[in-house]
Each structure stands twice: as C-alpha cells, then as structure tokens.
Amino acid sequence: MATRSYVLQRPHAAPRFRIDYARELNPEQLAAVEAPPGPCLVIAGAGTGKTRTLIYRLARTLELGTPLEAMLLLTFTNKAAREMVRRVEGLTQGLADPRKLLGGTFHHVAHAVLRTHGAALGLSPGFALLDREDARTVMGEALSDVTGGRPKKRLPRPELIVELASLSANTSRSLEEILAERRPAFLPSAELLARAAACFTERKRRMNLVDFDDLLVFLRQLLLEQPAIRNALRERFRAVFVDEFQDTNRLQGELVDLLAGEGGNVTAVGDDAQCIYGFRGAHFANIRAFPARHPGCRTFTLVRNYRSTPEVLALANASLSFNRDQFERALVPARPSGARPVVVATAHGDEQASFVAQRVLELRDEGVPLGEMAVLYRAHGHALELQLELARRGIPYQVRAGVRFFEQAHIKDVVCHLRLLQNPADELSFKRCVRLWPGVGGAAAHDLWTRLSAHADPLQAFLAGDWKQGFARRALAGAEQCRALFAALDAAGRTVPGELVARVLDGGYRAQLEERFAAAERREEDLAHLSEYAARYPDVGAFLSELSLLGELHGEDVVDGEPPDELLVLATVHQAKGLEWRAVFVIGAVDGQFPLAHASRTADEEEEERRLFYVALTRARDELYVCYPLTSASGERGRSLRQASRFITELPDGEPAPFDRWILDARS
C-alpha cells in the first residue's frame with residue numbers, strides 16, 4: 001500500500017484594503033482602477049478625473065502587494081510626479097516610503113537609469129548635463145568646424161539647428177525629413193547640417209556631456225542593445241504608469257513599449273481628444289495604436305465630466321463629433337444645467353475687443369472674479385486689439401506662459417525699424433536693427449553709431465554710405481544689407497505704418513525668422529497681424545504713440561477696489577490645457593486663425609486643430625463665449641471680409657442648436 005503526503009491549503013483571504021475604492025470612485029473610474037494587472041489604456045475625457053483614476057490605480061497596486069520600488073511613474077513634470085506620490089502616501093496612510101518610487105519626467109527617469117547602466121554604452125559615470133544655452137555654443141563650434149568658419153551660403157543659426165536636431169531625435173526621423181517639413185529653404189544644405197549635427201554629437205562625447213535629447217536616445221539604445229539590462233529593468237518595474245500619454249512623442253512611446261514589454265503591466269492614461277502638440281512632435285498614433293501594440297490590452301473610457309455645465313459639454317461634443325480618427329466618446333455632465341454658450345459675430349477686431357472687455361466687467365460686477373475668467377486664442381497675435389482695449393479700460397490682465405504681444409522679440413525687432421524712421425536719433429533702435437544682420441555684433445554696431453551720431457540726421461548719413469571707409473570687414477556686408485532695407489523704407493515714404501511693417505518682413509526679416517526661430521511661421525503670422533493692425537493708423541507717429549500708451553498702461557492698476565493679484569487671464573489654447581475657469585472667451589474664431597491656415601493643410605492637421613478648439617471649449621465651467629470678427633484691416637486702409645471658422649459653421653444651426661447667437665448693438 002502506497003503512502004503519500006497531501007498538502008492541505010488554507011483558503012486565501014480576500015485582500016483587505018485601507019481605501020474604500022467603491023465609495024471614492026464612480027463606476028467608470030472604479031472599473032479602470034480594479035482592472036487586473038496587464039496592459040491597460042484609460043481614455044479620460046476632459047474633466048473626468050484622469051489624475052484621480054491614475055492615483056487610485058497606483059494605490060491599489062501598492063495595496064495588492066507590489067512595493068513602490070517595483071513601480072515606475074512617468075509624467076510630464078517632476079512636480080506632477082511628486083504631487084501624485086504625496087496623494088498616494090496620504091491615501092495609503094504611510095504604507096510605503098514614497099522616496100522608493102522612481103517617478104518623474106521621461107528625462108528624469110532616463111537620467112537615473114543611465115547613471116547606473118550608462119557604462120554599457122561607453123558613457124562615463126560622471127557625465128554632465130548640457131543645457132540649451134551651452135548646447136547652442138557647442139553647436140556653433142560644430143558648425144564652424146564643418147564650414148571652416150566661412151559658410152558659403154546662409155545657414156540656420158546654431159540655436160535653430162539644435163531645435164531641429166532635437167525634433168529629429170524625438171520623432172525618430174532624419175534631419176532631412178525635418179528640414180523638408182519645417183525648413184525647406186535649407187534643404188540644399190541638408191548634408192552640411194547633418195555633418196554639423198554629427199560633429200555636435202562627437203564634441204559632446206569628447207567632453208563627457210549629455211544633453212536632454214541624448215538622455216532618451218541613449219536609454220532607447222541601452223534597452224535595444226543590452227537585453228540583459230532591459231530584462232533586469234522589466235523585472236524591477238513590475239508596474240508602469242504613464243500620465244498624459246497623448247502628449248508622448250515617438251521616442252517616448254518606444255521607451256514605454258521597451259520598458260513594459262509585450263503583455264507587461266503598463267497603465268497609460270490620456271485623452272486622444274486632447275492630443276494638440278503635434279508641432280512639438282507629439283505622436284498621435286502612440287495612444288490610438290496602444291491596444292494594437294499591447295495584446296490583451298483592456299481599454300476604459302471615462303466620460304462623466306465634473307467641470308462644465310451640460311450646455312458647454314453639448315457644444316464640445318458636437319464639435320468633436322466631426323473628427324473621424326478617435327476613440328468614440330461623448331462627455332456626460334455631472335453638473336446641473338446652466339447658461340447656453342454664446343456665439344458672437346463682431347464687425348471687426350476692435351468691436352470684438354470692446355465686447356469682451358465690457359462683458360468681463362459685467363461678469364465681475366455679477367460676482368465672477370477676474371481671475372476666474374480667461375480669454376483664449378489660437379496665437380498671441382490674435383489678442384493684439386484686446387490687449388490695447390484692456391489697457392485703455394484699466395482692466396488688469398496677465399498673459400499666461402508668455403509675454404505681451406509687443407514685448408515679443410520679433411515684434412520689437414520690426415517696430416524698432418519704424419521707431420528709427422520716426423526718430424533718426426534713436427540709438428537703441430538703430431543698434432537693434434543693425435545687429436539683426438549677419439556679422440554685425442555689439443562692437444561693430446557701436447562703432448557704426450559713433451560714426452553716424454555726429455550728423456544732424458544719423459539715418460540719412462547711414463543711407464549716404466560715407467561711413468564704410470575703414471569699417472570692420474566682417475560686419476560690412478550685414479551693415480550694407482541693413483542700409484539697403486532702410487533705403488527701401490525711406491523711398492516708400494514714412495507715413496503708412498502697415499505697409500512699412502510688410503516691407504521690413506519682405507526686405508530680409510522673413511529670412512531672419514527662418515534662420516533664428518523654430519516657430520517661424522507663427523511669428524510671421526504675428527507680423528502679418530501687426531501689419532493689418534498698423535494699417536488703421538494714418539502715420540507712423542500715431543501708431544507708435546498707441547504702442548507707448550500700451551506700455552504705460554500695463555492694465556494693472558485702474559479697476560476700482562481690485563486686489564493686485566486678481567488678473568484676467570489671456571492665453572493661447574495650448575497654454576490653457578489642463579486649466580479651467582468659470583467664464584471663457586474664445587476669440588478670433590475665423591478661418592485662417594482658428595484653424596490656422598498653415599496648421600490645417602491636411603485632414604490630420606485639421607483634426608488636430610479641431611481637437612484644439614475642443615480643448616478651448618472644455619476649459620469653461622459655467623459660461624462660454626465664442627467670438628469672431630467679420631472683417632479685418634487691409635494694407636490699403638480698407639477692410640477685407642473674414643469667414644467664420646469652419647468649426648462654427650459646421651455645427652448644427654437653428655433648433656436645437658448647441659449655442660445662442662448674440663447680435664451686437666453698436667449704439668453709443
């Protein structure tokens with residue numbers, strides 16, 4: 001008779017959680033939080049509790065036995081990661097030491113991994129980080145190496161080459177592809193610029209320097225070429241969490257896939273409807289194709305919106321429904337009914353500004369603080385008239401994450417030409433103008449002004465050209481180009497400011513935009529808007545006087561009883577993402593401005609612009625106003641007709657329309 005041992009198993013007790021998840025979360029959030037380990041995609045609509053869901057899923061993973069040191073949290077700011085960890089610690093009542101979690105931006109995490117494993121790629125453990133300012137210097141030296149210090153053709157400035165190379169790295173595309181898309185004028189120099197980029201990389205390696213793009217590129221290289229290290233990291237990070245997944249670029253998406261592995265325990269949270277950073281390299285396919293790249297992925301959709309009234313959401317849902325490439329969803333309101341959104345057509349930009357300013361003051365009188373209101377637009381140039389109107393009325397405002405329109409470098413560059421035409425003795429404007437040209441530095445500009453300032457009219461002396469004898473040879477060509485531009489401006493007459501702005505742009509400054517700035521098209525559009533606005537003034541003096549008025553009235557000191565920190569918010573929609581206000585005004589909703597002409601040339605680009613419009617609408621909690629001017633100023637001091645944005649005209653009109661129309665009565 002055989003005898004054997006039989007193990008009697010004790011029944012497993014159900015885990016006891018410190019958090020009552022069912023009480024803290026709505027059913028949609030709870031389903032995502034309680035999903036078993038494995039690939040998980042949470043599509044979290046605007047105002048639906050995205051961060052809350054991610055935090056509770058991380059906390060539940062901790063309560064189920066995965067220690068914090070076995071988790072990886074990827075966010076877009078280190079501050080966001082710290083705040084999430086702090087909230088998890090509070091939820092779990094000190095169950096774990098938050099310092100054990102590796103969390104932060106992709107760059108922060110890559111830096112930590114490379115400090116440990118970078119030697120496998122030949123990186124010295126003591127490598128130093130190269131910031132953008134120093135990167136520009138190193139790229140300048142690399143460019144000098146490949147051109148011998150004497151380029152035979154105009155090339156992008158070093159800081160622009162750094163940005164183009166960065167975009168190439170983060171989108172996993174060649175520099176030539178980036179040039180073809182962003183800077184076709186420099187395509188003939190693609191081979192030379194590629195050699196400069198390679199020299200830049202070699203210089204960094206020799207100096208044991210790593211820039212922020214290198215951190216991600218080297219981490220990908222490490223994961224691809226070192227399978228033992230890749231497997232060790234996958235074993236270490238048994239749970240990976242990614243916030244704002246719709247904003248990841250191609251390189252970041254690859255890193256998530258490599259760290260998680262096929263079928264890995266990765267939770268990605270985001271909203272494809274808020275993927276609006278394509279110009280920075282955000283890769284829409286990362287979130288759309290996530291289920292296909294991760295077999296067995298469970299997808300959850302959060303649609304219960306706690307931010308906006310049903311009326312605001314009805315308009316946002318109606319607009320987004322015209323996009324085809326998206327996860328299907330419609331936001332469902334959790335709040336009671338409120339005011340219907342309003343669409344307002346105005347005669348022109350000045351009337352639009354007057355309407356917004358008046359309505360802002362009315363809402364303030366009704367108890368809505370200025371800080372609970374925002375004016376959103378597609379580009380800063382679209383708020384030009386509004387900034388002037390707010391200054392005139394003494395309504396305090398702040399431009400969020402940016403400078404006021406007339407304080408931007410490219411605007412000041414062009415305006416200084418008009419200032420010099422108006423006042424030839426303006427030394428500051430002269431030096432700024434001449435230093436814009438290649439080869440003219442501070443010393444050459446000072447020497448030139450010294451030669452000219454002895455004359456009664458320094459500008460006419462500049463145009464006469466008697467200053468050239470003995471002038472620095474390296475700066476002579478640039479100074480002569482500047483002289484030729486002023487000769488053209490002088491010949492055109494000094495009385496039509498709008499035309500003069502256009503002539504500065506056409507006389508060489510457009511090429512300078514291409515060489516200096518990554519966002520050259522946006523800056524050129526700003527200048528086109530400046531030209532339109534300046535066309536309403538009879539002469540340069542009147543235009544510059546208006547700008548001086550704006551500079552004096554910063555719009556921060558006249559509203560009675562206003563605490564100094566209560567300011568109306570002005571922002572582009574990109575800068576407003578993630579924020580909310582009780583009342584929101586969306587201005588400049590005309591075709592060519594919203595959507596921007598150069599950003600809606602393809603079906604994919606138009607869908608991204610519509611997503612941007614959707615983001616603008618969903619920033620409003622209680623009241624929403626969408627405004628568009630019917631005309632704009634033209635260079636002939638007349639007016640040209642504007643077409644309302646297709647994002648408005650495509651919406652259902654009549655009954656039941658998702659908005660009301662207001663007709664403005666312009667009686668004094």
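What you see below is based on every heavy atom in this structure, not just the backbone, and it leaves out hydrogens, waters and symmetry mates.
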Problem - Listed partners of Asp506 passing side chain to side chain donor-acceptor pair (under 3.5 Å), at least two apart - result: Arg510

Handout entry: Qualifying residues under side chain to side chain donor-acceptor pair (under 3.5 Å), relative to Asp426, sequence neighbours excluded
Key = Ser429

Handout entry: CZ-NE2 distance between Arg432 and His417, expressed to the nearest 0.5 angstrom
Key = 10.0 Å

Handout entry: Ion pair Glu389/Arg392, N-O distance below 4.0 Å
Key = yes

Handout entry: Qualifying residues under side chain to side chain contact (heavy atoms under 4.5 Å, CB included), relative to Glu202, sequence neighbours excluded
Key = Arg206

Completion exercise
Rounded to the nearest 0.5 angstrom, the CG-CG distance for Leu130 and Asp214 is 8.5 Å

Practice task
Give me the ring orientation class for Tyr277 and His574: parallel if the planes are under 30° apart, tilted from 30 to 60°, perpendicular past 60°.
Solution key: tilted

Handout entry: Partners meeting ring pair (Phe, Tyr, Trp, His ring centres under 6.0 Å) with Tyr377 (sequence neighbours left out)
Key = His380

Handout entry: Heavy-atom pair of closest approach, residues Thr147 and Leu155
Key = CG2-CD1, 4.0 Å

Problem - Lys79: partners by salt bridge (Lys or Arg N to Asp or Glu O under 4.0 Å), with sequence neighbours left out - result: none

Practice task
Classify the angle between the aromatic ring planes of Phe613 and Phe594 as parallel (below 30°), tilted (30 to 60°) or perpendicular (above 60°).
Solution key: perpendicular

Fill in the blank from the handout: For Ser174 and Ser168, the nearest pair of non-hydrogen atoms, with its separation, is C-OG, 3.6 Å

Completion exercise
With sequence neighbours left out, the residues meeting salt bridge (Lys or Arg N to Asp or Glu O under 4.0 Å) with Arg611 are Glu608

Handout entry: Pairwise salt bridge (Lys or Arg N to Asp or Glu O under 4.0 Å) hits with a residue in residues 165-174, at least two apart
Key = Arg173-Glu181

Handout entry: Closest non-hydrogen atom pair between Arg364 and Met373, with its separation
Key = N-CE, 4.1 Å

Handout entry: Salt bridge flag under 4.0 Å for residues Asp247 and Lys577
Key = yes

Practice task
Please list, chain by chain and in numerical order, all residues satisfying salt bridge (Lys or Arg N to Asp or Glu O under 4.0 Å) with Glu351, sequence neighbours excluded.
Solution key: none

Practice task
Drop me the distance from Arg157's CZ to Arg516's CZ, to the nearest 0.5 angstrom.
Solution key: 5.5 Å

Handout entry: Residue pairs involving residues 463-483 (criterion ring pair (Phe, Tyr, Trp, His ring centres under 6.0 Å); sequence neighbours excluded)
Key = Phe462-Trp467, Trp467-Phe471

Practice task
Drop me the distance from His348's NE2 to Leu630's CG, to the nearest 0.5 angstrom.
Solution key: 10.0 Å

Handout entry: Nearest heavy atoms of Leu568 and Ala374, plus distance in Å
Key = CD1-N, 4.2 Å

Handout entry: Salt bridge flag under 4.0 Å for residues Asp213 and Lys204
Key = no

Handout entry: side chain to side chain contact (heavy atoms under 4.5 Å, CB included) evaluation trace for Trp581 with Leu579
Key = CA-CA 7 Å; Trp581 294 271; Leu579 304 174; 3.6 Å; yes

Practice task
Report the residues that fulfil side chain to side chain contact (heavy atoms under 4.5 Å, CB included) with Asn208, sequence neighbours left out, ordered by chain and then residue number.
Solution key: Ser124, Phe127

Exercise for the section: Please work out whether the ring planes of Trp449 and Phe430 are parallel, tilted or perpendicular, with thresholds of 30° and 60°. Expected result: tilted

Handout entry: Nearest heavy atoms of Ser172 and Arg250, plus distance in Å
Key = CB-CD, 3.5 Å

Could you list the donor-acceptor pairs under 3.5 angstrom formed between side-chain atoms of residues 184-193 and any protein atom two or more places apart in sequence or on another chain?
| residue | atom | partner | partner atom | Å |
| --- | --- | --- | --- | --- |
| Glu191 | OE1 | Arg195 | NE | 3.4 |
| Glu191 | OE2 | Arg195 | NE | 2.9 |

Completion exercise
Tightest non-hydrogen contact, residues Ala616 and Val586, listed as CB-CG2, 4.0 Å

Practice task
May I ask you to check whether over 12 heavy atoms, not counting those of Lys412, lie within 6.0 Å of atom NZ?
Solution key: no

Handout entry: Those residues that, when tested against Arg503, pass salt bridge (Lys or Arg N to Asp or Glu O under 4.0 Å) (two or more places apart)
Key = Glu499

Handout entry: Spacing of CD1 belonging to Ile161 relative to CG belonging to Leu143, to within rounding of 0.5 Å
Key = 4.5 Å

